[in-house]
Amino acid sequence: MRFHVQYRGIQNGIPCGEPFADWRLPMDVRTDIAGLLAGPTGLDPAAIRDLLETPPDSRMGDYAFPCFPLAKTMRKAPSAIAAALQDLIPAGVSWLDRTVAVGGYLNFYLDRPAFVRRQAEEARQAGDRFGASDEGRGRTIVVEFSSPNIAKPFHVGHAFSTALGQSLYRIHAHLGYHVVRMNHLGDYGTQFGKLISAYRRWGDEAALEAAPIAELLRIYVRFHEAAREDPALEDEARTLFRRLEDGAPEEIALWKRFRDLSLKEFGRVYDRLDVAFDNDNGESFYGPMIPAVVERLRERGLLEESEGAFVVRLDDLGLPPCIVLKSDGATIYASRDLAAAIWRKEQYDFDRNLYVVGNPQSLHFQQVFAVLEKAGYAWASTCRHVGFGLVRFPDRKLSTRSGDVVLLDDLLQECRAATREIIDRNAAERGMNWDNDLKDDLSERIGIGAVIYTFLKNSRDRDIVFSWDDMLDFDGETAPYVLYTYARARSILRKGEAAGVLPAWSDHPSAALAADDEMALARMLEGFPDMVRRAAESCEPYLLTRHVTAMARSFNKYYNNESILGAASPELVRARLCLVDAVSLSLRVGLHLLGISAVERM
RNA sequence: GAGUCCAUAGCUCAGGUGGAUAGAGCAACAGCCUUCUAAGCUGUGGGUCGGGGGUUCGAGUCCCUCUGGACUCGCCA
C-alpha cells in the first residue's frame, strides 16, 4: 500500500540519476561560443560551454562569459581578462554580431536574424521529436507510479503520483529510453481479510456491480465501525487473510473479484488521463518470491533475529534495522519490495529503477536499497525513490477514512464543468458555432490538463495545498493559459494557410527576425532540449512546465506587440509564420511530455 | 531523544555546479478589444531572502548556530 500514511518533504534536491557518461556536446550556439574561447583561454570547450551565462538584461548581450574564475590562474583582474579576450575573438564570424567586455564579463551579441532562423528551423525540422535524443538508446528504465490501493477510491494523492510518473515516462521515452511502466497495486494485506468478512456480512451485489469501489469502501468503513464494538472481527479478518494467502479457493475468488472490479474502475480514470501501464503486478504478485529473498539474506549472514523478528542491521549506514520477517514469520512491506526489485531486475534488466511514491516512505526505500546493496546486488545504486509532497487542504490533511478527501473523479468533473462554462461564454461572445461534441472534447481535455498542470507546476517535493478556488482559476500559470496560447498560434497558422500564406524563410532584408520578442522566443526554443534533459535527470517535470509556460508568455507578448499576418512585407509574414510554427510545435511537444493533450482551438 | 526536510512579496512558488539590479503567477489598483482568439497584454505598489555569525573578489545559494514548522524512527502498508 503506497498511501498508508503521508507527510511532507524530505528528498528535496536528491538527483534521480546522474547523466550517463557518453553524453555528447550538442551542436548549438553555446558550443560555437565555447569554440571561439577555447584557444584564447586554454580551457576545455565543454567547460566553457558550462560557464556561459545569460545576462540579466538582453541589452547587455545574449551570452556572457564570466572571467572571474580565470583571475587566479592568469593573475589579472577579471575586467582586464575580458578586455584581452575580446581582442582575441576573430572578426567576421557569421553568427556573431559583436562582443563587449564589461566588468568581468565578455558579452556576446548574436546575429539575431541568423539565430532566430537557426533555432526555429531546428524545431521545425524536428517536429514532434523536438528535444528528443537517442541518449537513452539501449537503456531501460523502470518507473513505478500511481499504485492505488484496490477497493479504495482514487484520490488526488494517487493523481500526483500518476501525473509525475506519466510525465517521467514520456520524458524518458522522448530521450530514447525503453521505459517500463509499473503500477504497484496495493492488493495485499489484512485489509482484504476485512473486506471479505465485510462483504459476506453486508455486501450488496447490485451495488458492487454498479459502483464497485464505492460499495467496497462502504462495507470497509462499516467493518471498522463494527470492529470497534466487536474486536473479534479483527481476528476473523486476519484468519481470512491467512486463508487467502494459503490459497483457499473461495477467498481467492472474492479477492480476485474485488481486484478486477477495482482495476476496471481505475482503468476509466487512466483512459481519461491517457495513462497506461506495461505491468500491474500488485504487492500480492511478489509474495511467493519472498522465501528465496530471505534465504539469500540468510546465506549472506545478513539476517539477524531480534525480538523474535528477523531483521537486517543497517547501523553502519546510520539507518534503523530493516524488518524482513515479522515475529510470527509473516512477510512485511519491505520484504515485498525487496522481492519486487529483484524480480524487476531479472525481468527487465533495468539501468535505472524509479519509485514515484510519496515522501513519507523515504526511509522505507533507503532501507530497501541498503539491504539490496548488502545482499550483493550492485544494481541497488540504480534504484531511486522519486518522492513527492502531500496533497492537503489549507488547514488539514485529506482523510480517506472520514471521507474528507478529494476524489480525482470529482476534481476532473469540476474542472471540466468550469471549462465548459468558459467555452460556452466565449463561443457566444465570439459568435462561434461550435457543436456540442467539440465543446465536450475541449472541456474534457482542458479540464484534465488543468489538473495535471497543478501537479507538475512546482518541484515535486512541495506539498500541494488544495484549494478549489485556485484549482478552478484558469488565469496565469495554468494549463489553460498554455493551451490558449497554443490555440492562438495554431489559429494564425490556419488563417495563413487558408489565405495561401505558408511559413517560409527569405533572405530578403525585410524578412529578418531581429526584434526583442523574436529573440526571446528563439532563446526559449534554444533552451527547450536542455530542459527536457534536465527534467529527466532530476525527475522534475516542473522544469519543463515552467519552460513551456515561459515560452507561452513570450509568445503572448509577441502576439500583442506585433501582427504576424499583418506584418509589413509578405516575406516578413512568412518568416514570422515560421517562428509561430516552431513555437506552437514546441508548446505541443512540451505539453505532451507533461501528459497534457493540446487543443487546436479554445 | 535521534534523524530528514522546510523557511524568499499579502498568498502560491521559481531562483541547476556561489556571479551583474532577487523573479513569475494569484490577489490589489490603473489602463488596452472596429486590427491574427481579452482563458490575453501593459503599467503601479509590494522584499533587511526566518535571526545571528563565518568562508571570499562576490552568498538567497556554501559552513556553523539559534528560532519556528512538517515528518520519520523493528514487527501497518
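FYI, side chains are in, hydrogens and waters are out, and symmetry mates aren't considered; it's all heavy atoms of this structure. So that the names make sense, note that chain A is the first sequence line, chain B the second, and so on, each numbered from 1.
Side-chain N/O atoms of A:Arg488 include one lying less than 4.0 angstrom from OP1 or OP2 on B:A38. Taking 4.0 angstrom as the limit, A:Arg462 places a side-chain polar atom (N or O) nearer than this to OP1 or OP2 of B:A7. A close approach under 4.0 Å does not occur between any side-chain nitrogen or oxygen of A:Lys457 and OP1 or OP2 of B:U12. Side-chain N/O atoms of A:Arg59 include none lying less than 4.0 angstrom from OP1 or OP2 on B:U21. Between A:Tyr559 and the phosphate of B:A38, there is a side-chain N or O to OP1/OP2 separation shorter than 4.0 Å. Here A:Thr549 does not reach the OP1 or OP2 of B:A24: none of its side-chain N or O atoms lies under 4.0 Å away. Checking the phosphate oxygens (OP1, OP2) of B:A70, no side-chain nitrogen or oxygen of A:Lys397 falls inside 4.0 Å. Put simply, A:Ser491 has a side-chain N or O that comes within less than 4.0 Å of OP1 or OP2 on B:U37. For B:C41, neither phosphate oxygen OP1 nor OP2 lies less than 4.0 angstrom from any side-chain nitrogen or oxygen of A:Tyr484. Taking side-chain N and O atoms only, A:Arg494 has no distance below 4.0 Å to OP1 or OP2 of B:C36.
Nucleic acid contact for A:Arg553: sugar-phosphate only, since backbone atoms but no base atoms lie under 4.0 Å from a heavy atom of the residue. Base contact: A:Pro56 has a heavy atom under 4.0 Å from a base atom. Across all strands, A:Met432 comes closer than 4.0 Å to no nucleic acid atom at all (heavy-atom distances). A:Arg576 comes within contact range of no nucleotide atom at all, as no heavy-atom separation falls under 4.0 Å. A:Ala71 comes within 4.0 angstrom of no nucleic acid atom, judged by non-hydrogen atoms across all strands. As judged by a 4.0 angstrom heavy-atom cut-off over every strand, A:Ile332 is placed among residues touching the sugar-phosphate backbone only. Within the 4.0 angstrom heavy-atom criterion, no nucleotide atom of any strand lies near A:Ala77. Contacts of A:Ile423 with the nucleic acid, taken as non-hydrogen atoms under 4.0 Å apart, include base atoms. Backbone-only engagement by A:Tyr481 is indicated by non-hydrogen atom pairs under 4.0 Å involving sugar-phosphate atoms exclusively. Within 4.0 Å (heavy atoms only), A:Asp517 reaches no atom of the nucleic acid at all.
Of the residues near RNA chain B, A:Val102 and A:Val311, the one whose nearest nucleotide (by heavy atom distance) lies more toward the 5' end is A:Val102. Place A:Leu51 and A:Gly566 on RNA chain B by their nearest nucleotides, and A:Leu51 ends up nearer the 5' end.
In terms of modelled atom types and a separation under 3.5 Å, the side chain of A:Thr99 and the main chain of A:Asn107 share no donor-acceptor contact. A:Gln367 contributes a side-chain N or O that, together with a main-chain N or O of A:Pro320, makes up a donor-acceptor pair within less than 3.5 Å. A:Arg490 contributes no side-chain N or O that, together with a main-chain N or O of A:Arg601, makes up a donor-acceptor pair within less than 3.5 Å. The main-chain N or O of A:Asp581 is found under 3.5 Å from a side-chain atom of A:Ser584 such that the two form a donor-acceptor pair.
Nucleotide B:A24 forms a pair with B:U12, judged by Watson-Crick or G-U wobble geometry with both contacts under 3.5 Å. Across the strands present, B:G3 finds its partner in B:C71; the criterion is a Watson-Crick or G-U wobble pair with both atom distances under 3.5 angstrom. When Watson-Crick and G-U wobble pairs are counted only if both distances are under 3.5 Å, B:C29 pairs with B:G43.
In the set B:A20, B:C57, B:C73, B:A20 carries the atom at the smallest distance from any side-chain atom of A:Ala64. Of all nucleotides listed (B:A39, B:G40, B:G23), B:A39 comes nearest to the side chain of A:Pro480. Looking at the side chain of A:Glu307, the nearest of the listed nucleotides B:C75, B:G23, B:C57 is B:C75. Closest to the side chain of A:Pro321, from the set B:C41, B:A14, B:G74, is B:G74. With distances taken from any side-chain atom of A:Ile492 to the nucleotides B:C41, B:C36, B:C13, the minimum falls on B:C36. Taking every side-chain heavy atom of A:Pro55 into account, B:A20 is the closest of B:A20, B:C36, B:A39. Closest to the side chain of A:Leu363, from the set B:C75, B:C73, B:G40, is B:C73. Listed nucleotides: B:C36, B:A39, B:A14. Nearest to the side chain of A:Leu565: B:C36. Taking the side chain of A:Ile323 as heavy atoms from C-beta on, and the options B:C57, B:C75, B:G16, the nearest nucleotide is B:C75.
Side-chain rings of A:Tyr109 and A:Tyr63 stay apart, their centers remaining 6.0 Å or farther from each other. Aromatic pair A:Phe474/A:Tyr481: ring centres not closer than 6.0 Å.
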Could you walk me through whether A:Glu537 and A:Arg534 pass the salt bridge (Lys or Arg N to Asp or Glu O under 4.0 Å) check? CA-CA 5 Å; A:Glu537 274 170 27; A:Arg534 275 184 61 194; over 6 Å; no
Candidate pair A:Arg553 and A:Glu477, rule salt bridge (Lys or Arg N to Asp or Glu O under 4.0 Å), full reasoning: CA-CA 9 Å; A:Arg553 194 178 300 121; A:Glu477 293 171 345; 3.3 Å; yes
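Enclosure of atom CD in A:Glu562 by more than 12 non-hydrogen atoms of other residues, nucleotides or ligands within 6.0 angstrom is indicated.
Straight-line distance between the C1' atoms of B:C62 and B:G23: roughly 22 Å, to the nearest whole Å. Look at the P atom in both B:U12 and B:U37: the space between them is 37 Å, to the nearest Å. The gap from the P atom of B:A27 to that of B:C11 amounts to 16 Å, rounded to the nearest Å. With P as the reference atom, B:C66 and B:C29 are 45 Å apart, rounded to whole Å. Atom P of B:U61 sits at a distance of 14 Å from the matching atom of B:A22, rounded to the whole Å. Taking atom P in both B:G31 and B:G18, one finds a spacing of 47 Å when rounded to whole Å. Nucleotides B:G60 and B:U8 place their P atoms 15 Å apart, quoted to the nearest Å.
Side-chain N/O atoms of A:Asn426 and base N/O atoms of B:A39 include a donor-acceptor pair closer than 3.5 Å. Between the side chain of A:Asp473 and the base of B:A27 there is no donor-acceptor pair of N/O atoms closer than 3.5 Å.
The CG atom of A:Asp470 sits 20 Å away from the P atom of B:A39 (whole-angstrom rounding). Rounding to whole angstrom units, CG of residue A:Leu390 and P of B:G69 are separated by 18 Å.
For the pairing with A:Phe455, the side chain to side chain contact (heavy atoms under 4.5 Å, CB included) check across A:Val391, A:Leu594, A:Leu164 returns one residue only, A:Val391.
With a glycosidic angle no more than 90° from 0, B:C33 adopts the syn conformation. For B:G74, the O4'-C1' to base torsion is within 90° of 0; the nucleotide is therefore syn.
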